[in-house]
> 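Would you mind keeping the following structure in view while I ask a few things?
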Amino acid sequence: MTVRWGVLGTGGIARSFVGDCAAVGVEFVAVGSRTAASAQAFADEFDIPRPHGSYEELVADPDVDAVYVATPHSRHAADALLAIEHGKHVLVEKAFTITAAEARAVADAARRADVAVMEAMWTRFLPQMAMIRQVLAEGRIGRPRLVEATHHQALPSDPQHRLNDPALGGGALLDLGIYPVSFAVDVLGLPESVVASGTLSEQGVDTQMGIVMTHVGGTQSTVHFALDLASPNTASIIGEDGRIDLDATWFTPTTWRLRDRDGVVVEEFDGREERTGYGHEARAFEAMIETGTHEGGPMDLEESVGIMALLDEVRRQVGVRYAADEQADQEDGLEAPPAVP
């Protein structure tokens, strides 16, 4: 079958995703925005036949099989649930939701509706990651003991920008930190404990953060991310008998090397591609729909829920709170804790 896609949201990430995926033959038949003008402009840009002036119209479109949710973090859960209610399969841009409670609600709704829902952590679907998992499975670096990864970008400092607005899930964690955190979990599994430290802006969002996670068997991962710094953004998986070094920018199609215990290069790989690489996750999601296998694979739904619980704990330690936290406190009849100085 041919999966027919609808795009919910018309921002920058939607443009990158659609442009990349359309180039490899993914079929987009509809787009929905908050305004008819925005939907029409997006449809004209990418030759999408049906623009809709609301998200409700998009998910009600009978010719749409799968919806790609590309709205701000604060809307991910609501927009995913809206699409699920209309029987659509849903690919939700990362981070999956704002909180673990929201993630659990989306996962439960997807199972009740028997539709596929997946977090759009596109890095996990790059061919280089499949090769790295094979190298690890073959024991070529021995038992992995440490994962190190960074994600730094010098992003807009405008207080009105969504990245700096706690009401929209702003901060480094959900936009940047999700990459190295998800990478560490991919390699070592969900951690048994976590220690986090970070710096908050005047608006209350995290501008930088460092996290140390301890995983099964005492293995560890260390990640750092910031939205007001620039760095090469490299990563390493260090094992007892060798290591894997990923070059800049490690979470995109890039080059990487396998080294022995003495640091000597054993093998070199070139994972660079002409396009960004979003098409791999789209095709993988289509395969889930076509086979009826709605969970599992490189980005399992339950693992996304677990990662959101991990991020909840990280935020608790650092003092980052979103509007969803305040709402949950009110519904539970609790007073919000004092801000961390």
> Has the side chain of R4 got a donor or acceptor atom that lies under 3.5 Å from a matching backbone atom of D63?
yes
> Would you say H161's side chain and S157's backbone share a donor-acceptor pair under 3.5 angstrom?
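Flag not set: sc H161 to bb S157 has no pair under 3.5 Å.
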> Is the side chain of R140 donor-acceptor paired with the backbone N or O of V135 at a distance under 3.5 Å, no angle test?
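Not a single qualifying donor-acceptor pair exists.
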> Report the C-alpha distance between E56 and H86 in whole Å, list the side-chain angles of each, state the deciding distance to 0.1 Å, and finish with yes or no for side-chain contact (heavy atoms from CB on, under 4.5 Å).
CA-CA 9 Å; E56 290 77 12; H86 286 77; over 6 Å; no
> First locate atom CZ of R315, then atom OH of Y322, and finally report the distance between them rounded to the nearest 0.5 Å.
5.0 Å
> Looking at K88 and D61, does any basic side-chain N land under 4.0 Å from a carboxylate oxygen?
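Salt bridge: no.
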> Counting only heavy atoms from other residues, nucleotides and ligands, does the tally under 6.0 Å from CG of D47 exceed 12?
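No.
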> Between the side chains of E240 and R143, is the shortest nitrogen-to-carboxylate-oxygen separation below 4.0 Å, so that they form an ion pair?
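Answer for the salt bridge query: yes.
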> Would you please test R133 and D186 for salt bridge (charged side-chain N to carboxylate O under 4.0 Å, His left out) and show each step?
CA-CA 9 Å; R133 292 188 195 101; D186 190 10; 2.9 Å; yes
> Does any N or O in the side chain of D245 come within less than 3.5 Å of the main-chain N or O of T234, such that one atom is a donor and the other an acceptor?
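Side chain of D245 to backbone of T234: no pair is present.
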> Same cluster for L173 and L168 if Ile/Leu/Val/Met/Phe/Trp/Tyr side chains link at under 4.5 Å?
no
> Of all heavy-atom pairs between S38 and T10, which one has the smallest distance, and what is that distance?
OG-OG1, 2.9 Å
> Any salt bridge linking R162 with D165? Criterion: basic side-chain nitrogen under 4.0 Å from a carboxylate oxygen.
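Answer for the salt bridge query: no.
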> What heavy-atom pair brings V92 and A80 nearest, and what distance separates the two atoms?
CG2-CB, 3.9 Å
> Parallel, tilted or perpendicular: which describes the rings of Y179 and H151, with under 30° parallel and over 60° perpendicular?
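The rings of Y179 and H151 stand perpendicular, inter-plane angle above 60°.
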> Is the closest basic N to carboxylate O distance between R124 and E303 below 4.0 Å?
yes
> Between F46 and F28, does the ring-ring contact (aromatic ring centres under 6.0 Å, His included) criterion hold? Intermediate values first, please.
CA-CA 9 Å; F46 294 103; F28 295 95; 8.2 Å; no
> Could you label the plane-to-plane angle of the F285 and H89 rings as parallel, tilted or perpendicular, counting under 30° as parallel and over 60° as perpendicular?
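F285 and H89: perpendicular rings.
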> Tell me if the CD atom of E138 is crowded by more than 12 foreign heavy atoms within 6.0 Å.
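Above 12, so yes.
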> In plain terms, say whether R111 and E302 are close enough for a salt bridge, that is, a side-chain N and a carboxylate O under 4.0 Å apart.
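Yes, this pair counts.
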> Kindly state each residue pair satisfying salt bridge (charged side-chain N to carboxylate O under 4.0 Å, His left out) with at least one member in residues 14-30, sequence neighbours excluded.
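Passing the test, one end in residues 14-30: R15-E45.
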> Would you please name every residue forming a side-chain hydrogen bond (donor to acceptor under 3.5 Å, both in side chains) with D79, sequence neighbours left out?
T71, R75
> Tell me whether T97 contacts the main-chain N or O of T99 through its side chain, where contact means a donor paired with an acceptor under 3.5 Å.
yes
